[in-house]
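Atom set for the values below is all heavy atoms of this structure, side chains included, hydrogens, waters and symmetry mates excluded.
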Amino acid sequence: MVEPADPFSKLELELRRGAIVLAALSQLRTEQYGYSLRQALAARGMEIEEGTLYPLLRRLESQALLTSHWRIQDGPPRRYYVLSEDGARLYARLSTSWRALSGVMADLINDGAAQ
């Protein structure tokens, strides 16, 4: 008999997927290169694999939400990313939406716990 797979991992991944975009945008209000962005997010509890982060950065740049440039400074060349004007506007809108959604979810979860 085959045991059913634990749905937690898959559902947690789905929850994190959208949050990762907002998390990355939040840290790109100031210039960051990929590894420093990964460290900043991890320090705040948002671990992101390289295989997820770098494609995300390229996609956001292709959508004109980020700008980037190469810089050589005390080591190998690094590509630095920062929000574009469009990215900053989108970040503000997504942040507002996230706050509203998280408030609703907190109420829903708290109501469920009280029952």
Under a 4.5 Å cut-off applied to non-hydrogen side-chain atoms, are [X] and [Y] in contact?
X: L56; Y: V21; answer: yes
X: R59; Y: E61; answer: no
X: R93; Y: T96; answer: no
X: L13; Y: R17; answer: yes

Shared hydrophobic cluster, W98 / L28 (ILVMFWY, side-chain heavy atoms < 4.5 Å)
yes

Holding to side chain to side chain contact (heavy atoms under 4.5 Å, CB included), I want the full list of residues that pass it with [X], two or more places apart in sequence or in another chain.
X: V82; result: E31, T67
X: L11; result: P7, E14
X: L94; result: L22, L25, L90

Which residue pairs pass the side-chain hydrogen bond (donor to acceptor under 3.5 Å, both in side chains) test when at least one of the two sits in residues 78-88, sequence neighbours left out?
S68-R79, D86-R89

Quick one: do L66 and L83 satisfy side chain to side chain contact (heavy atoms under 4.5 Å, CB included)? Show the steps, please.
CA-CA 4 Å; L66 303 179; L83 292 179; 3.8 Å; yes

Atom pairs and distances, donor-acceptor, side-chain atoms in residues 36-44, under 3.5 Å, two or more places apart:
{"unit_1": "S36", "atom_1": "OG", "unit_2": "Q32", "atom_2": "OE1", "d": "2.7"}
{"unit_1": "S36", "atom_1": "OG", "unit_2": "Y33", "atom_2": "N", "d": "3.1"}
{"unit_1": "S36", "atom_1": "OG", "unit_2": "Y33", "atom_2": "O", "d": "2.9"}
{"unit_1": "R38", "atom_1": "NE", "unit_2": "I48", "atom_2": "O", "d": "2.7"}
{"unit_1": "R38", "atom_1": "NH1", "unit_2": "E50", "atom_2": "OE2", "d": "3.2"}
{"unit_1": "Q39", "atom_1": "NE2", "unit_2": "Y35", "atom_2": "OH", "d": "3.2"}
{"unit_1": "R44", "atom_1": "NH1", "unit_2": "A40", "atom_2": "O", "d": "2.9"}

Rounded to the nearest 0.5 Å, what separation is found between the CD atom of Q27 and the OH atom of Y91?
8.0 Å

